[in-house]
Amino acid sequence: MVEPVRGLKRILYWCGAVFFFMLAMIGVVLPGIPTTPFLLLMCYFLIRVSPSLHAKAMAWPIVGGPLRDWRNQGGVRPGVKRLAYTMVILLVGSTLVFSSLSLPLKAMILAAAVYGISVVVRLPVAQTDQNTMDGNVRTARLPRE
């Protein structure tokens, strides 16, 4: 059990949780900004000021699974990595191909995308449970003796 914070520290932790949540939501729509580290920081602050909101964040349909994987196993599932690669390639690729930005600006966007992909490549991989598919637990059958 994490000890809740009190006084001025509580206000600062609320501000930290809100700030990192906002950065994570910006990261959802902008491919160069990471989302997961900001959500992890949000959870760090949130559990110390509101365990019930932290539990709700861990149960979110989209980000709850990766947050639980990181908390329990210290990594992300391969499917999450593939989704990150796909989103960066699609969003940055369409920006580079269809925008009328200057060549130096396109080069900077491409460099940021390459850096973002390199960060995802280095993330540890969480083990996938063979008995769990898409959050639905399936019971394993034991051989009869």
Heavy atoms of P66 and V80 approach each other most closely as CG-CG2, 4.1 Å
Do V88 and V121 belong to the same hydrophobic cluster, where Ile, Leu, Val, Met, Phe, Trp and Tyr are linked whenever their side-chain heavy atoms lie under 4.5 Å apart, directly or via other members?
yes
If you round to the nearest 0.5 Å, how far is CZ of R10 from SG of C15?
12.0 Å
K81 side chain to V76 main-chain N or O, any donor-acceptor pair under 3.5 Å?
no
Could you tell me whether a side-chain N or O of Q127 sits under 3.5 Å from a main-chain N or O of Q73, the two making a donor and an acceptor?
no
Within the 4.5 Å heavy-atom criterion, are V49 and P4 side-chain neighbours or not?
no
Note, L105 side chain near S102 side chain (heavy atom, < 4.5 Å):
yes
Residues which pass ring pair (Phe, Tyr, Trp, His ring centres under 6.0 Å) with F20, listed by chain and number, not counting sequence neighbours
F45
Hydrophobic cluster membership, with links at side-chain heavy-atom distances under 4.5 Å among I/L/V/M/F/W/Y: are M108 and V119 in one?
no
Shared ILVMFWY cluster between M42 and V18, side chains joined below 4.5 angstrom?
no
Flag side-chain contact, heavy atom, 4.5 Å: P78 against V125
yes
Any chance you could pull the hydrophobic cluster mates of I11, using side-chain heavy atoms under 4.5 angstrom and chaining through other members?
none
Which residue pairs pass the side-chain hydrogen bond (donor to acceptor under 3.5 Å, both in side chains) test when at least one of the two sits in residues 60-69, sequence neighbours left out?
D69-R77
Within-4.5 Å side-chain heavy-atom neighbours: W14 and L46:
yes
Set of side chain to side chain contact (heavy atoms under 4.5 Å, CB included) partners for L83, sequence neighbours left out:
M87
Membership question, hydrophobic clusters at under 4.5 Å side-chain separation (ILVMFWY): are M22 and F38 in the same one?
no
Within this structure, what is the CD1-OG distance for the pair I89 and S94, rounded to the nearest 0.5 Å?
11.5 Å
Heavy-atom pair with the smallest gap, counting every atom of P124 and G74
CG-O, 3.2 Å
Whether K106 side chain and V97 backbone form a donor-acceptor pair below 3.5 Å
no
List the steps, then state whether side-chain contact (heavy atoms from CB on, under 4.5 Å) holds for R71 with M58.
CA-CA 10 Å; R71 179 191 63 199; M58 296 301 277; 3.2 Å; yes
Start with the C-alpha distance between T95 and L101, add both sets of side-chain angles, then the distance that settles side-chain contact (heavy atoms from CB on, under 4.5 Å), and finish with yes or no.
CA-CA 9 Å; T95 299; L101 299 172; 4.2 Å; yes
Transitive ILVMFWY side-chain link M25 to L53, under 4.5 Å
yes
Looking at residues at least two apart in the chain, or sitting in another chain, which of them share a side chain to side chain contact (heavy atoms under 4.5 Å, CB included) with T86?
L90
Restricting to pairs with a member in residues 64-116, which pass ring pair (Phe, Tyr, Trp, His ring centres under 6.0 Å), not counting sequence neighbours?
none
